[in-house]
Amino acid sequence: MKNNVTDIRKDFPILSTQVNGKPLIYFDNGASAQKPQAVIDSITKYYSSMHANIHRGVHTLSQQATQAYEDAREAVKKYINAEHSEEIIITRGTTESINLVAHSFVKKGDEVIISGMEHHSNIVPWQLAEVNLKVVKVKDNGELDMEDFKSKLSKNTKLVAITHVSNTLGTINPVAEIIALAHALGVKVLLDGAQAVPHMKVDVQKLDCDFYAFSAHKMYGPTGIGILYGKKDLLNAMPPYQGGGDMIKHVTFEKTTYNDLPHKFEAGTPAISEGIALGAAVEYLNKIDWDWAAKHEEELLAYATEEIKKIEGVKVIGEAKHKAGVLSFVVEGAHHYDIGTLLDQMGIAIRTGHHCTEPLMHRFDISGTARASFAFYNTKEEVKIFIDALKRSLKMLR
Amino acid sequence: MTTINENEKEIIEDFALFSDWEDKYEYIISLGKELPLISDQYKNEDHLVRGCQSRVWLHAEKKGENIVFTADSDAIITKGLIALLVKVFSDQPAKEVAKTDLAFIDTIGLREHLSPNRSNGLVSMIQKMKNYAVAFSAK
């Protein structure tokens with residue numbers, strides 16, 4: 001099992017590069033994680049030796065590519081412990097996964113509960129679906145207001161769609177409790193797992209969630225591909241999302257019959273190389289000692305939080321008891337854009353802005369934050385350099 | 001009265017003196033800190049150039065054949081860059097502003113601030129300056 005950060009860093013070639021003449025310190029993992037060599041190699045290997053379209057060719061290459069692609073689906077199924085491989089719908093990412101559910105599971109006027117800390121991708125699809133949205137309040141410390149949730153949840157609720165981990169605050173929401181409360185009333189639950197999968201092993205059966213959406217690129221895999229996990233009976237009852245090749249059984253001008261799961265929801269030629277590379281990412285993550293990774297990331301976050309609070313005028317946004325990987329902050333007298341620009345000059349990549357959570361920014365009455373987000377390949381030494389660089393930036397700015 | 005090209009040249013010469021990024025940014029920040037670049041009455045929604053991260057306010061006025069710009073931003077580095085743009089373009093013939101492509105930003109190594117991805121409102125601001133100039137010279 002991989003549990004040594006020095007060794008793990010060697011698996012990620014980009015981590016030994018320089019940016020603006022300084023060794024790269026990559027603290028923008030919440031936006032997208034870097035890729036291990038195994039993922040990069042799998043893409044090269046696929047295009048060098050096995051590319052062909054899948055699910056239809058009789059020739060050897062097509063069969064090999066199909067096998068590799070379906071092996072990746074199987075790997076994801078095992079990784080998140082889904083019961084059936086047809087419950088793994090391959091999409092373009094978390095955004096498309098949520099749009100799919102918003103299109104095919106709810107209808108206009110249905111009641112859907114989301115929270116005040118959702119990413120725009122878990123707000124706008126519901127608005128497009130013209131559902132009746134109810135928004136659970138966020139407390140000052142960045143935790144979900146569970147009393148407010150309970151007061152909004154009822155038998156009339158069609159779906160609860162809530163983020164597992166907040167991309168802006170780092171809050172790990174009490175999803176087990178949310179699911180139990182919802183299920184007690186027969187209400188289904190979708191979790192936006194985009195920010196959870198990079199930091200922890202997710203077990204969809206143990207969670208008993210009805211839908212789980214996530215992106216490959218945040219879990220050290222390629223961009224442009226993601227997963228919608230859904231319980232088989234729910235997915236079977238849902239109409240297709242997009243029409244095209246692969247998703248049909250028979251087409252005539254009079255009547256078209258749809259393919260079985262998971263293909264019913266996978267119209268057109270998929271992102272084949274990305275799918276196979278996602279399989280490679282999962283294989284890599286299977287080697288990670290997750291107990292070690294969780295502890296390591298927790299230490300980084302605790303250390304960074306402690307040090308940043310010592311700087312005058314810094315306010316941490318999001319101080320939930322349970323957090324994963326994210327340190328969002330604002331500084332008196334310094335705009336987040338300026339902080340990000342100066343840190344970049346010192347080789348440090350952080351994210352600045354509203355993080356696609358504008359309603360949450362309004363909730364805290366801020367225009368944006370600076371956000372450092374960590375992965376298991378980051379080190380305490382990097383955090384130390386980041387803190388020093390931040391102090392240096394603030395000296396210039398204030 | 002200096003021309004747009006002369007203004008650009010002056011800035012390029014100023015920046016040539018800086019040997020590292022820190023000096024360069026300290027200068028930009030000092031430009032940003034220097035003066036209020038716009039009258040408060042124009043710092044409103046109507047004059048806002050939207051960027052994803054920093055906000056920019058821009059006002060244009062006609063002065064004979066010339067166009068006079070005032071502007072501001074909530075981020076200090078953006079404001080410093082705006083000061084440079086205002087220095088180059090303001091109080092210049094509207095016709096010239098409309099047809100001149102700015103080269104100095106590239107030369108002084110601040111090109112990345114003008115990439116669409118920066119979302120700081122600068123790209124839109126330059127576009128807006130030119131739009132004003134086109135409109136003013138057509139009158």
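Just so it is clear, the model here is predicted, and its values are computed rather than measured. All chains are named by letter (A, B, ...) in the order of the sequence lines, taking the proteins before the strands, and each is independently numbered beginning at 1.
For NZ of A:K22, the number of neighbouring non-hydrogen atoms (other residues, nucleotides, ligands) closer than 6.0 Å is greater than 12. More than 12 heavy atoms of other shown residues, nucleotides or ligands fall within 6.0 angstrom of atom CD in B:E6. Atom NZ of A:K137 sits in a sparse spot, with 12 or fewer heavy atoms from other residues, nucleotides or ligands closer than 6.0 Å. No more than 12 heavy atoms of other residues, nucleotides or ligands shown are found within 6.0 angstrom of NZ on B:K9.
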Intermediate values then yes/no, side chain to side chain contact (heavy atoms under 4.5 Å, CB included), B:R55 and A:Y337: CA-CA 10 Å; B:R55 294 182 298 171; A:Y337 175 81; over 6 Å; no
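Heavy atoms of B:I29 lying under 4.5 Å from chain A belong exclusively to its side chain.
For the set A:D338, A:L342, A:I339, the entry with the most heavy-atom pairs within less than 4.5 Å of chain B is A:D338.
The distance from atom CD1 of B:I76 to atom CE of A:M396, rounded to the nearest 0.5 Å, is 11.5 Å. A distance of 10.5 Å separates NE2 of A:H335 from CD1 of B:I77, quoted to the nearest 0.5 Å.
Applying the side-chain hydrogen bond (donor to acceptor under 3.5 Å, both in side chains) test to residues at least two apart or on different chains, the pairs with a partner in residues 387-398 of chain A are A:R392-B:E22.
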